[in-house]
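The structure appears below as structure tokens.
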Amino acid sequence: MFSDFDRFAMQRALTLAARGLDTTDPNPRVGCVIAQRGRIIGEGWHERAGEAHAEVAALRAAGAQATGATVYVTLEPCCHHGRTPPCVEALSAARVARVVYAVADPNPLVNGQGAEALRAAGIAVEGGLLEREAAELNAGFIKRMRYGRPFVRVKLAMSLDGRTALANGESRWITGEEARTDVQRWRARSSAVLTGVGTVLADDPRLGVRLPVEEAAPPRRQPLRVVLDPQLRTPVAARLFEGGGEVLILTTLAAPDDARAAELTARGARLESLPAEAGRLALPAVLERLAELEMNEVLVEAGATLAGELLRQSLADELLLYVAPTLLGPGARALVALPELQELKDAVSFTLIETHPIGADLRLRFVPRAA
């Protein structure tokens with residue numbers, strides 16, 4: 001049974017873990033608190049891949065006081081050598097008495113073995129405290145490890161009547177400045193931003209992270225920008241090549257035109273060929289490839305066709321929807337392209353998990369009801 005202090009300490013560990021929201025990729029976001037007799041004596045969080053894990057940072061802060069202490073960590077301590085030594089060894093060497101973790105590490109190299117190694121060293125171990133909150137913080141890492149695909153978040157903005165642009169394509173700007181800044185924060189935490197070549201041709205987006213000055217320092221990691229471009233139509237002058245970061249263009253062409261490929265490569269793009277499905281890139285193969293590239297969270301900023309396909313194929317894990325207090329009328333463009341339904345029972349259904357006003361707009365988050 002967990003005490004009130006246990007819950008307090010784990011909540012603090014979760015708060016620390018969130019500090020690495022947009023820096024730890026491809027590693028999980030982890031926070032750690034060390035306490036003695038109801039008093040916190042050390043804390044830490046994982047900041048970047050290759051740097052100290054949360055437990056090691058907290059042990060350094062606690063020093064000799066860690067002997068006999070309780071350690072609260074948001075993810076089961078690792079027991080394998082990666083970029084850094086196993087945290088299990090550090091905890092055992094510090095002679096802590098008890099370890100409480102929130103969620104088991106889904107990495108096959110750990111996955112319960114970390115807890116067992118701690119018990120074998122004579123340390124009391126308990127898991128499952130604030131498990132849901134910890135799992136949500138690392139939804140992308142957990143999905144990639146368990147299922148070989150990243151967590152897919154589809155971002156859309158619409159009017160009150162569910163329209164995304166006027167019939168002539170004009171869409172700047174449906175939402176206000178505050179909502180657009182909020183999107184930048186979702187980009188910052190994402191491993192990759194995914195779009196289709198149709199959106200590149202129509203809107204020429206940058207897809208990079210551009211935050212207010214007070215939020216932009218130190219320099220942030222730019223997400224991988226991914227373009228689904230079956231026939232390699234991405235313009236060489238596209239703005240997505242600006243601002244640093246890597247651009248990955250996925251095509252169905254087994255042997256792209258040498259001159260065209262050379263131009264895009266010279267602009268900094270990496271080209272890869274993937275299987276086709278009905279003339280388009282097979283979306284499951286796309287997601288599996290991104291998981292191989294250690295992408296945890298993918299933010300989709302695309303048009304109605306790609307967004308609709310991800311929803312239709314049950315490949316979207318979350319819908320991030322911004323609603324503007326405007327009406328565009330029935331002739332304006334629809335939110336997503338889906339096949340016509342014959343029965344309501346076949347509709348794609350969602351569960352609302354968050355409502356948040358942002359300026360004059362409203363941010364809604366949904367998960368597919370089947371999930």
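Numbers here simply count residues along the sequence, with the first being 1.
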Drop me the distance from [X]'s [atom1] to [Y]'s [atom2], to the nearest 0.5 angstrom.
X	Y	atom1	atom2	answer
Leu248	Leu290	CG	CG	7.0 Å
Leu320	Leu156	CG	CG	8.5 Å
Arg267	Leu264	CZ	CG	9.5 Å
Leu228	Glu309	CG	CD	11.5 Å
Met145	Ile142	CE	CD1	10.5 Å
Arg289	Leu281	CZ	CG	13.0 Å

Sub-4.5 Å side-chain heavy-atom contact between [X] and [Y]:
X	Y	answer
Val323	Leu364	yes
Trp45	Val30	no
Glu131	Glu136	no
Leu315	Arg149	yes
Arg312	Pro339	yes
Arg221	Thr23	no
His46	Asn27	yes
Pro150	Asn296	no

Would you say that more than 12 heavy atoms from the other residues, nucleotides or ligands in this model lie under 6.0 Å from the [atom1] of [X], or not?
X	atom1	result
Glu177	CD	no
Leu344	CG	no
Phe366	CZ	yes
Asn168	CG	yes
Arg98	CZ	yes
Phe2	CZ	yes

Working for side-chain hydrogen bond (donor to acceptor under 3.5 Å, both in side chains), residues Asp25 and Ser191: CA-CA 7 Å; Asp25 222 60; Ser191 312; 2.9 Å; yes
Side chain to side chain contact (heavy atoms under 4.5 Å, CB included) evaluation trace for Val298 with Phe151: CA-CA 6 Å; Val298 173; Phe151 185 93; over 6 Å; no
Side-chain donor-acceptor pair present, Ser3, Asp6, cut-off under 3.5 Å: yes
Option among Ser92, Cys32, Cys87 that satisfies the side-chain contact (heavy atoms from CB on, under 4.5 Å) test with Pro77: Cys87
Partner of Arg280 under side-chain contact (heavy atoms from CB on, under 4.5 Å), chosen from Val286, Thr252, Thr305: Thr305
Give a yes or no on whether [X] and [Y] share a hydrophobic cluster (residues Ile, Leu, Val, Met, Phe, Trp, Tyr; joining criterion: side-chain heavy atoms under 4.5 Å apart).
X	Y	value
Phe241	Val227	yes
Leu160	Leu352	yes
Leu250	Leu283	yes

Side chain to side chain contact (heavy atoms under 4.5 Å, CB included) between Asp105 and Asn111, intermediate numbers included: CA-CA 5 Å; Asp105 190 335; Asn111 197 20; 6.0 Å; no
What side-chain donor-acceptor pairs closer than 3.5 Å can you find for residues 193-205, not counting sequence neighbours?
residue	atom	partner	partner atom	Å
Thr195	OG1	Glu301	O	2.7
Thr199	OG1	Gly303	N	3.2
Asp204	OD1	Arg239	N	2.9

Pair Glu288 + Lys143: basic N to acidic O under 4.0 Å: no
Nearest heavy atoms of Leu335 and Met158, plus distance in Å: CD1-CB, 3.7 Å
Where Ala332 and Ala165 come nearest, the two heavy atoms and their spacing: CB-O, 3.0 Å
Partner residues of Glu318 under the side chain to side chain donor-acceptor pair (under 3.5 Å) criterion, sequence neighbours left out: Arg153, Arg365
For Arg180, all residues meeting side chain to side chain donor-acceptor pair (under 3.5 Å), sequence neighbours excluded: none
Audit row: Thr175, Asp361, side-chain hydrogen bond (donor to acceptor under 3.5 Å, both in side chains) steps and yes/no: CA-CA 7 Å; Thr175 55; Asp361 305 309; 4.7 Å; no
Evaluation steps, side chain to side chain contact (heavy atoms under 4.5 Å, CB included), between Thr164 and Leu328: CA-CA 8 Å; Thr164 62; Leu328 300 186; over 6 Å; no
Stepwise side chain to side chain contact (heavy atoms under 4.5 Å, CB included) check, Val100 with Val73: CA-CA 6 Å; Val100 179; Val73 61; over 6 Å; no
Verdict with supporting geometry, Gln65 and Arg39, side-chain hydrogen bond (donor to acceptor under 3.5 Å, both in side chains): CA-CA 11 Å; Gln65 297 179 83; Arg39 183 174 67 89; 3.3 Å; yes
